[in-house]
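Structure first, then comments.
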Amino acid sequence: MAQRSTLKLDVGPIDKAMEAGAVKGLKVAMEHLLQKSREEVPHEEGTLERSGTPSIDEANLIGAVSYDTPYAIIQHEDLTFRHDEGRKAKYLEDPFDAEQQTMQELIAAQIRRSLR
């Protein structure tokens with residue numbers, strides 16, 4: 001009969017650290033997206049810009065940025081509106097697309113930090 005040695009690896013602490021890092025990374029990434037979108041959001045009085053908020057669903061590791069005014073969706077979707085220079089429709093969608101790599105790097109950095 002062959003002798004066998006076994007090793008049981010408890011990855012629970014690693015998983016918990018990674019999850020904590022992912023949550024923190026999502027928060028940092030959503031703050032980054034909020035800042036970038038605020039640079040493009042249409043601006044008259046600043047109400048729309050100030051209504052932007054990041055949110056995190058920690059249980060499902062989902063991050064979001066939203067703008068909460070009655071006209072946020074109209075301003076985002078209507079490409080016929082005229083805006084001040086640098087301000088535009090698609091003020092959330094375009095930065096989201098453009099900042100994908102940066103947001104992923106921000107999340108990855110927080111995960112790496114959590115494992116040290």
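Keep in mind that the numbers below use all heavy atoms, side chains included, and drop hydrogens, waters and symmetry copies.
For the pair Glu40 and His83, the minimum side-chain heavy-atom distance is 4.5 Å or more. Residues Arg38 and Arg50 form no side-chain contact, since every pair of their non-hydrogen atoms from C-beta on lies 4.5 Å or further apart.
A ring-ring contact (aromatic ring centres under 6.0 Å, His included) check over residues 22-73, counting only residues at least two apart or in different chains, returns the pairs Tyr67-Tyr91.
Connection of Met18 to Val28 is not established within any shared hydrophobic cluster, with ILVMFWY side chains joined at heavy-atom distances below 4.5 Å, either directly or through further cluster members. By the criterion of side-chain heavy atoms lying less than 4.5 angstrom apart, applied directly or through intervening Ile, Leu, Val, Met, Phe, Trp or Tyr residues, Ile74 is not grouped with Val41; the two fall into different hydrophobic clusters.
We find the NZ-CG distance between Lys36 and Leu33 to be 10.5 Å, quoted to the nearest 0.5 Å. Rounding to the nearest 0.5 Å places OG1 of Thr69 at 8.0 Å from CD of Gln75. For the atom pair CE of Met30 and OG1 of Thr53, the computed distance is 12.0 Å after rounding to the nearest 0.5 Å. The line from CD of Glu99 to CG of Leu106 is 9.0 Å long, rounded to the nearest 0.5 Å.
For the residue pair Ala22 and Ile111, the shortest heavy atom distance occurs at N-CG1, 3.6 Å. Leu79 approaches Ala89 most closely through the heavy-atom pair CD2-CB, 3.7 Å. The shortest non-hydrogen separation linking Leu26 to Ile62 is CD1-N, 3.7 Å. Contact record, Leu48 with Ala72: CD1-CB, 3.7 Å, taken as the closest heavy-atom pair.
Looking only at distances, no side-chain donor or acceptor of Asp84 sits under 3.5 Å from a matching main-chain atom of Arg87. Within the 3.5 Å criterion, the main-chain N or O of Leu92 finds no donor-acceptor partner in the side chain of Ser37. For Gln100 (side chain) and Phe96 (main-chain N/O), a donor-acceptor pair under 3.5 Å exists by modelled atom type. A donor-acceptor contact shorter than 3.5 Å is absent between the side chain of Arg113 and the backbone of Gly21. The closest donor-acceptor contact from the side chain of Ser114 to the backbone of Ala17 lies under 3.5 Å.
With salt bridges taken as basic N to acidic carboxylate O contacts below 4.0 Å, none links Glu19 and Lys16.
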**Study point:** salt bridge (charged side-chain N to carboxylate O under 4.0 Å, His left out) evaluation trace for Glu58 with Lys27
**Key:** CA-CA 10 Å; Glu58 292 185 18; Lys27 289 178 181 177; 3.5 Å; yes
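Counted within 6.0 Å of NZ on Lys24, heavy atoms from surrounding residues, nucleotides or ligands total 12 or fewer; the atom is thus considered open. Residue Glu44 qualifies as open at atom CD: its count of foreign heavy atoms under 6.0 Å is 12 or below.
A donor atom on one side chain and an acceptor atom on the other are not found under 3.5 Å apart for Glu31 and Gln35.
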